[in-house]
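Values below: all heavy atoms of this structure, side chains included; hydrogens, waters and symmetry mates excluded.
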Amino acid sequence: MFVKQRLYFPVLLIIYLHLLSSRFASPQVSWHLNASLLNSTAGLPTYWINKPLSFADSTFGLSFLTPILLSGTDGIKCHLFAFYCNDDEGTECFLGIFFAFNNVPASEDTYYMDSQFVWSANRNHPVKANATLQLGQDGNLVLADSDGIVVWSTNTNGKSVSGLNLTETGNLVLFDETNHTIWQSFHHPTDSLLPGQSLVAGRKLIASVSATNRSQGFLSLTILNGSLAAYIDSDPPQFYYASPYPDSSYFSFDGQTITSLQFPPTSPAQFIKLGPDGHLRVYQWEMRLLNWKEVSDLLTTYAGNCGYPMVCGRYSICTKNTQCTCPPERNFFRPFFEREQDLGCSQLTSIYCNSSQYHSFVELRKTTYFAYEFNHELNSSISRLEGKKLEDCKRACLSNCSCKAAVFEYDSDGARRGSCLLMNEVFSLIDNQGGTDTRVFLKVQNSSKSQDSSKAQNQPPIISGGKKLRSLRVIIGSTLAAFFGIILSISTCFVLFKKRTYESSKAGDFLDLEPILPGMLTRFSYNELKIITADFSTKLGEGGFGSVYEGTLSNGTRIAVKHLDGVGHVMESFLTEVKIVGGIHHVNLIKLIGFCAEKSHRLLIYEHMVNGSLDRWISHKTPENGLTWHTRQRIISDIAKGLAYLHEECSQKIIHLDIKPQNILLDQNFNAKISDFGLSKLIEKDKSKVVTRMRGTPGYLAPEWLRSVITEKVDVYAFGIVLLEVLCGRKNLDLSQADDDVHLLSVFERKVEEELLMDMVDKTNEDMQRHKEAVTQMMSIAAWCLQGDFTKRPSMTLVVKALEGLVFVETNLDYNFTNAPQVGAGNQQREATISSILPSILSGPR
């Protein structure tokens with residue numbers, strides 16, 4: 001959908017932009033425009049830092065910008081090249097081009113900006129505050145994140161670039177001394193075309209995932225075989241529009257190039273955009289309303305409302321009034337969400353290639369598919385069979401394991417033959433009532449018994465829409481009990497009674513989630529998760545209580561599905577994690593999206609963290625794969641803030657009990673989030689300490705675990721270990737080291753005594769070596785957290801302040817980190833005093 005966030009800023013921006021020229025540009029750059037605004041041209045070398053400042057908008061709140069170049073200031077329309085951030089902290093920022101307008105009714109000196117991007121350099125890789133854009137002496141324009149990692153560049157090294165220009169048409173250009181264009185944004189479109197911009201064969205527009213997620217989605221517009229074509233990027237691609245003669249006043253097309261035209265020429269501003277829903281729309285600026293207006297939907301004239309791949313989601317049928325319904329066979333298909341059927345339907349039983357003898361079809365009459373007409377002409381990898389009988393079509397799909405559906409249309413000459421399209425993926429279906437005789441056959445997986453009942457037939461069974469399968473119920477004879485005697489019968493009844501009582505009590509715990517977390521989490525069925533994860537085919541990792549698999553929701557969101565295995569504490573772990581993680585929200589804690597509790601299955605659905613767990617990054621031996629000092633600082637700070645929230649900002653204190661690198665996950669920008677809150681206990685608020693069995697991971701256990709009396713300071717101790725690992729670039733226990741260096745804490749104690757702490761700084765990373773002093777200073781925070789006497793350890797709130805330089809580390813530290821104080825009356829009293837305000841929820845190991 002079209003984003004309508006806007007920013008209204010008067011003369012204040014003019015002053016701000018003028019100041020930016022001295023704040024972010026090198027001395028060689030001069031800024032001069034009529035209104036003291038940024039010049040549209042910059043020379044070499046030029047360097048900008050993303051320092052987002054906020055501008056107030058009485059209607060839409062705040063927007064956060066770092067302007068770079070502005071062009072077209074003499075008329076109504078301007079183009080602005082800038083960093084745009086979603087918040088003032090700059091956690092997600094995009095570099096791109098969008099519109100600004102002057103001469104609005106309020107004042108001739110007023111500039112009005114709309115945050116609708118028409119081009120973005122880093123749509124798939126948002127950056128943070130302090131990211132940099134540099135036009136270097138080598139002629140390459142480079143965008144790097146705050147940690148120095150290169151996110152995007154023009155790849156124009158050595159091409160004699162002498163400057164950067166933002167033209168009045170909104171084209172970002174690198175040019176040489178003769179003003180010849182070396183590189184231009186018009187040749188690298190994202191999802192939009194500006195007037196005068198062309199899309200040539202071999203390039204494409206790619207829609208965003210959604211209105212709030214600017215990264216590349218699955219829908220594209222391109223030029224193929226002399227036709228303007230739109231498709232969804234499945235395997236193989238499925239086309240929903242193709243025409244060699246598209247007709248519109250808003251663009252021209254010659255079979256090889258589509259060029260956006262301004263129509264009417266008097267329009268103040270206009271652009272064409274491929275939306276997340278697959279529509280190709282034209283927007284024009286309404287000066288009177290200070291808003292964009294949709295003036296044309298270029299593909300809908302042919303495609304209609306139902307001719308788009310995801311209008312109703314997978315397997316859902318779109319009717320002429322754009323209502324979405326699942327196939328009527330509820331034994332095979334159900335909505336992902338009953339109240340939002342446009343999100344698609346799930347296939348309740350996955351199709352297995354090794355049991356093809358049990359495959360059959362759900363037949364949908366008077367139903368067709370958006371890809372039927374185009375794909376045999378544009379995509380040779382999609383099978384379309386001509387002049388075939390209906391049974392030939394079905395047989396061809398059954399014999400091909402990859403085939404998920406067959407679309408059949410009878411020829412118009414009255415013969416009982418027609419055309420057959422075989423599909424490897426199924427998106428939105430189209431209700432064809434009143435149209436030609438078309439049918440869709442959706443492949444489904446039957447049970448062996450239902451299949452055996454039809455083996456006598458020569459053709460595969462067809463399950464017509466609207467008829468229900470008769471499920472067979474197996475009745476267990478009660479007479480078996482007589483063979484075991486009266487005593488055995490009583491014993492069996494007793495065991496069954498106890499088991500059912502236990503299961504019932506646990507089910508009750510699960511049902512209690514509804515009032516605890518109303519509407520906060522999504523409940524998934526097991527079959528839905530099998531489809532979402534492609535039958536759990538991609539494993540991301542595993543631990544002591546199960547495995548984690550990758551999946552993708554129908555809207556394109558990637559997720560991680562944790563499947564809890566085994567017995568014993570699985571149900572307890574499941575309930576704890578759902579109640580705790582589902583009820584807390586913090587940027588440095590993993591987000592729980594949903595859960596599944598069906599029969600014996602216990603699964604938790606989390607946001608996907610593309611960079612995996614921290615342990616993968618700690619001991620990198622190659623400099624190009626190692627983490628920079630600034631990235632490590634941020635990761636350490638993120639962990640500390642997450643723990644401080646758990647310990648002191650929740651309604652009840654949560655002690656994690658298993659802080660280690662494997663339980664710290666990193667997103668695409670290396671933001672750290674704490675995960676795994678499984679085996680927890682709820683502790684009354686008036687309890688000062690907890691006596692519990694030892695739990696956690698060896699190497700990260702605080703000394704007081706030997707007494708089984710713990711407070712939240714066990715997390716502080718484990719944090720100290722992780723902090724050392726990150727700074728030293730090695731594991732706490734490393735058997736590849738010399739005998740004296742196997743244990744990191746032993747090395748730490750020895751190096752402190754020898755005053756050789758700098759020897760511990762990660763030697764495989766040049767950036768860490770350059771910051772040795774700062775690294776060793778941070779090691780003092782680790783020593784503070786590792787005190788054997790837990791009462792001498794800081795709270796995590798103090799740790800956060802120490803990392804920010806707001807408090808000093810204690811100086812009288814004991815560097816014998818495994819020396820726990822003896823348990824005595826005096827010490828017990830001290831424990832009670834320290835932790836009397838620390839009611840806790842205990843979270844166990846993974």
Side-chain angles (χ1 to χ4, degrees), residues 13-14 17-18 20-50 65-84 94-102 111 113 117-122 132-144 152-190 192-200 203 259-260 262 269-271:
L13 177 61
I14 299 175
L17 296 178
H18 181 67
L20 273 174
S21 62
S22 59
R23 182 177 179 183
F24 298 121
S26 63
Q28 291 88 338
V29 181
S30 61
W31 307 105
H32 51 88
L33 279 180
N34 293 337
S36 301
L37 289 165
L38 293 176
N39 201 328
S40 63
T41 305
L44 288 173
T46 307
Y47 185 79
W48 296 271
I49 303 175
N50 180 26
L65 290 173
T66 302
I68 298 173
L69 297 174
L70 185 70
S71 73
T73 58
D74 346 349
I76 295 176
K77 176 188 64 179
C78 312
H79 290 101
L80 182 63
F81 178 47
F83 285 102
Y84 175 86
F94 298 91
L95 177 68
I97 299 171
F98 40 92
F99 288 96
F101 302 91
N102 59 6
Y111 283 79
M113 188 210 74
F117 275 101
V118 291
W119 180 81
S120 178
N122 62 318
T132 60
L133 179 69
Q134 182 172 15
L135 179 58
Q137 292 284 8
D138 61 354
N140 199 19
L141 185 64
V142 177
L143 173 65
W152 171 85
S153 77
T154 54
N155 293 319
T156 49
N157 307 63
K159 293 190 176 181
S160 303
V161 173
S162 63
L164 173 68
N165 180 35
L166 181 63
T167 71
E168 292 190 1
T169 59
N171 189 14
L172 187 68
V173 175
L174 293 178
F175 57 89
D176 62 14
E177 292 181 353
T178 65
N179 285 330
H180 177 261
T181 298
I182 304 297
W183 179 95
Q184 56 182 308
S185 62
F186 268 22
H187 284 176
H188 303 273
T190 51
S192 303
L193 292 176
L194 290 167
Q197 184 176 5
S198 297
L199 181 71
V200 300
R203 300 192 184 277
T259 302
S260 176
Q262 184 135 337
Q270 177 187 302
F271 65 96

Hits for ring-ring contact (aromatic ring centres under 6.0 Å, His included) against His188, two or more places apart or cross-chain, chain-then-number order -> Trp183
To the nearest 0.5 Å, atom CG of Asn165 lies from atom CG of Leu69 at 8.0 Å
When rounded to the nearest 0.5 Å, the distance separating OG of Ser120 from OH of Tyr84 is 12.0 Å
Rounded to the nearest 0.5 angstrom, the OG-CG distance for Ser160 and Leu174 is 12.0 Å
Evaluate Phe83 against Leu143 for side-chain contact (heavy atoms from CB on, under 4.5 Å), listing each step before the verdict.
CA-CA 11 Å; Phe83 285 102; Leu143 173 65; 3.7 Å; yes
Does Ser71 reach the main-chain N or O of Thr167 with its side chain, forming a donor-acceptor pair under 3.5 Å?
yes
*Are the side chain of Arg203 and the backbone N or O of Pro189 linked by a donor-acceptor pair below 3.5 Å?*
no
Do Leu133 and Ile68 touch side chain to side chain, with heavy atoms closer than 4.5 Å? yes
One should read off an interatomic distance between Leu172 CG and Gln184 CD, to the nearest 0.5 angstrom, of 10.0 Å
Closest non-hydrogen atoms of Gly170 and Ser185, given as atom of the first, atom of the second and distance, are O-OG, 4.1 Å
With sequence neighbours left out, the residues meeting side chain to side chain donor-acceptor pair (under 3.5 Å) with Ser192 are none
**Study point:** Within the 6.0 Å centroid threshold, strictly below: Phe117 and Phe98
**Key:** yes
With sequence neighbours left out, the residues meeting side chain to side chain contact (heavy atoms under 4.5 Å, CB included) with Ala121 are Leu95, Trp119, Trp152
Requested in this report: Please step through ring pair (Phe, Tyr, Trp, His ring centres under 6.0 Å) for the pair Phe175 and His180, ending with a clear verdict.
Outcome: CA-CA 5 Å; Phe175 57 89; His180 177 261; over 10 Å; no
* Asked: Is there a donor-acceptor pair closer than 3.5 Å between any side-chain N or O of Gln134 and the backbone N or O of Val142?
  -> no
| message | Is it the case that the side chain of Asn171 and the backbone of Phe186 share a donor-acceptor pair, with hydrogens and angles ignored and the cut-off at 3.5 Å? | response | yes
CG (Leu166) and NE2 (His79) are apart, to the nearest 0.5 Å, by 7.5 Å
Does any N or O in the side chain of Ser162 come within less than 3.5 Å of the main-chain N or O of Asp176, such that one atom is a donor and the other an acceptor? yes
Between Thr156 and Gly139, is there a donor-acceptor pair closer than 3.5 Å when you use the side chain of the first and the backbone of the second? yes
Heavy atoms of Pro67 and Ala82 approach each other most closely as CA-CB, 3.6 Å
Open item on the list: For the backbone of Trp48 and the side chain of Thr132, can you confirm whether one donor and one acceptor N or O come within less than 3.5 Å of each other?
Closed with: no
Rounded to the nearest 0.5 angstrom, the CG-CG distance for Leu80 and Leu70 is 5.5 Å
